[in-house]
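Here's the structure we're looking at; comments come further down.
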Amino acid sequence: MGSGFCNFSSSFLAAVSLFSLLHISKGDYVYNQSSLKDRKLVGACNFFQGSWVFDASYPLYESSGCPFIDPEFNCQKYGRPDRLYLKYRWKPSACNIPRFNGKDFLWQMRRKKIMFVGDSLSLNQWQSLICLLHAAVPYAKTTFVRRDDLSSLTFVDYKLSVMYFRSTYLVDLVREKIGRVMRLDSMVAGNAWRGMDMLIFNTWHWWTHTGRSQPWDYIEEGGKYFKDMNRLVAFQKGLTTWARWVDTNVDSRKTKVFFQGISPTHYNGEDWNQPGAKSCKGQLQPVSGSTYPGGSLPQDAIVKSVLRKMVKPVYLLDVTTLSQLRKDAHPAAFSGGHSGMDCSHWCLPGLPDTWNELLYAAFVS
């Protein structure tokens, strides 16, 4: 184990239920205010403010040992020659986060259903989590199913299902006579998300797509159709529909809701004080320190504004800044399923493993 991490006895963790450990309440949506160090609360700690430190004990698994990684994320298999990007651990400024313990996660979540809902960044995090769990119990019996928009891996002995539901916008995308319509105030697809014990949502990646990569022809809101709309305005409206769905349909006593946060891209070196860089190509190390030169993202502010107005508790995995610092962690040209230069998704193993360590920290701290 890496230095500075907390050790948690299995007897202690088994004695305390997962949901009593979740420090989520209205107004506490941005980050978990407490941490455990040597099994004692040590005061306020923002898990999402910190820096990246070298840790030779990483990565937490090898891509060759995980059969669930899609080619687009499998950088080592598709020729990435360096491994330094695998050797970084996220270190919050005021505390440490617990090292991911897959066996404990499986025990805590036995007989539960977890669902990631969103675009390919949710797929990225979902595959990271099932790889982390598979590495902990490599010989455990599992069943893997992919059908239409739903993918699921079940750890049979634990009766735990970890699912991914593809929904690029969260709001509905339907085909009508006039063409493909994105309905900003409709979320019929949400029926597939009911009955979960944990939901982890994400959207933004596709809101910026235009031209041939845009999967809709019209935007509809309140019965009015628009050929286009300011994308940040549309995003705010769509996310508000999602928030209303959560407030109306989620029973917080049973279901814990997370929002993945905004995952950044690295196509402009000016953002990290390297004006000559036109992409993440050749980036081998994170940005040093705790501050990203390019600053905050407007879509990140929208997420926080929408969550602030919600009635039901939602825990924000506020991963934007820590991910902005990882200009080195993208597949770039080393992707088996993405043409060109991919500076949007993330290698596995890699950064999404940290997202899941933070998810884990949210209910053991």
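We count residues from 1, following the sequence as given. These numbers come from a predicted model, not from an experiment.
For Asp148, the CG atom is loosely surrounded, since the number of other residues' heavy atoms within 6.0 Å does not exceed 12. Sparse packing is recorded around NZ of Lys103, with 12 or fewer heavy atoms of other residues, nucleotides or ligands lying under 6.0 Å away. Heavy-atom contacts from other residues, nucleotides or ligands closer than 6.0 Å to CZ of Arg146 number more than 12.
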What do the steps show when you test Thr168 against His205 for side chain to side chain contact (heavy atoms under 4.5 Å, CB included), and what is the final call? CA-CA 8 Å; Thr168 53; His205 186 68; over 6 Å; no

Test side-chain hydrogen bond (donor to acceptor under 3.5 Å, both in side chains) applied to Ser152 and Tyr164, step by step: CA-CA 6 Å; Ser152 178; Tyr164 162 64; over 6 Å; no

Walk me through whether Thr154 and Ser161 qualify under side-chain hydrogen bond (donor to acceptor under 3.5 Å, both in side chains). CA-CA 4 Å; Thr154 300; Ser161 294; 2.9 Å; yes

Show your working on side chain to side chain contact (heavy atoms under 4.5 Å, CB included) between Ser151 and Val145 and close with a plain yes or no. CA-CA 6 Å; Ser151 301; Val145 177; over 6 Å; no

Stepwise, does the side chain to side chain contact (heavy atoms under 4.5 Å, CB included) test hold for Gln236 with Gln299? CA-CA 8 Å; Gln236 189 274 334; Gln299 56 269 30; over 6 Å; no

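To the nearest 0.5 angstrom, Asn124 atom CG is 7.5 Å from Glu72 atom CD. Atoms OG and CG, from Ser57 and Leu60 in turn, are 7.5 Å apart once rounded to the nearest 0.5 Å. Here CG of Leu153 is found 10.5 Å from CD of Gln127. Values are rounded to the nearest 0.5 Å. Atoms CD1 and CG, on Ile114 and Leu129 in that order, are 6.0 Å from each other to the nearest 0.5 Å. Taking CG of Asp328 as the reference point, atom CG of Leu84 lies at 7.5 Å (rounded to 0.5 Å). Note: Cys66 SG to Leu348 CG = 8.0 Å, rounded to the nearest 0.5 Å.
Counting only N and O atoms by type, the side chains of Tyr292 and Thr320 include no donor and acceptor under 3.5 Å apart. Defined by atom type and a distance below 3.5 Å, a donor-acceptor pair is missing between the side-chain atoms of Arg166 and Ser122. Counted by atom type alone, Asp353 and Tyr61 present one or more donor-acceptor pairs between their side chains at under 3.5 Å. Side-chain contact of Gln274 with Gln283: a donor-acceptor pair under 3.5 Å is present, judged by distance alone. Under the 3.5 Å distance criterion, with hydrogens and angles disregarded, no donor-acceptor pair is assigned to the side chains of Tyr158 and Gln108. A side-chain donor-acceptor contact under 3.5 Å links Ser186 and Asp172. When only modelled atom types and interatomic distance are considered, Ser128 and Asn356 share a side-chain donor-acceptor pair under 3.5 Å. When only modelled atom types and interatomic distance are considered, Trp207 and Thr203 share a side-chain donor-acceptor pair under 3.5 Å.
Contact check for Leu359 versus Met198: side-chain heavy atoms found under the 4.5 Å cut-off. Residues Arg231 and Thr208 form no side-chain contact, since every pair of their non-hydrogen atoms from C-beta on lies 4.5 Å or further apart. Using a 4.5 Å heavy-atom threshold, the side chains of Trp346 and Pro352 count as touching. For the pair His266 and Asp271, the minimum side-chain heavy-atom distance is 4.5 Å or more. The side-chain heavy atoms of Leu150 and Met115, taken from C-beta on, include a pair separated by under 4.5 Å. Side-chain contact between Asp300 and Lys304 is present, with at least one heavy-atom pair separated by less than 4.5 Å. Within the 4.5 Å cutoff, the side chain of Leu173 has heavy atoms near those of the Pro215 side chain. Between Leu307 and Val303, some side-chain heavy-atom pair lies under the 4.5 Å cut-off.
Residue Lys87 comes nearest to Pro59 through the heavy atom pair NZ-CD, 4.0 Å, listed as atom of the first residue, atom of the second, then distance. Heavy-atom minimum distance, Asn230 versus Leu232: OD1-N, 2.9 Å. Scanning both residues, Leu325 and Gly289, for their nearest heavy atoms gives CD1-O, 3.6 Å.
By the 4.0 Å N-to-carboxylate-O rule, Glu62 lies too far from Lys77 to be salt-bridged with it. Salt bridge absent: Asp185 and Lys237 never bring a charged side-chain N and a carboxylate O closer than 4.0 Å.
Without hydrogens or angle criteria, Trp90 side chain to Trp355 main chain gives no donor-acceptor distance under 3.5 Å. Proximity of a side-chain donor or acceptor of Thr248 to a complementary backbone N or O of Arg244 within less than 3.5 Å is detected.
Met182 is connected to Phe226 through a chain of hydrophobic side-chain contacts under 4.5 Å among Ile, Leu, Val, Met, Phe, Trp and Tyr, so both are in one cluster.
Here the two rings, on His330 and His345, have centers that are 6.0 Å apart or farther. Phe201 and Trp193 have their aromatic ring centers within a separation under 6.0 angstrom. Taking the six-membered ring for Trp and the full ring otherwise, the centers of Tyr315 and Phe258 sit less than 6.0 Å from each other. Checked against the 6.0 Å centroid threshold, Phe363 and Tyr360 count as a close aromatic pair. The six-membered or imidazole ring of Phe235 lies near that of Trp204, with a centre-to-centre distance under 6.0 Å. Ring pair Trp242/Phe259: centre-to-centre distance below 6.0 Å. The aromatic ring centres of Phe165 and Phe116 sit 6.0 Å or more apart.
Taking Lys312 as the reference, Val246, Asp247, Ser252 meet the side chain to side chain contact (heavy atoms under 4.5 Å, CB included) condition, with sequence neighbours excluded. With sequence neighbours excluded, the residues that form a side chain to side chain contact (heavy atoms under 4.5 Å, CB included) with Arg180 are Arg175, Asp217.
Figure legend: cation-pi geometry between Lys227 and Tyr218, with NZ or CZ positioned under 6.0 Å from the six-membered ring centre and within 45° of its axis. Trp52 carries Arg326 over the face of its six-membered ring, with the cationic atom under 6.0 Å from the centre and within 45° of the normal.
Between Trp206 and Tyr169, the ring planes are perpendicular. Angles over 60° get that label, and only those under 30° would be called parallel.
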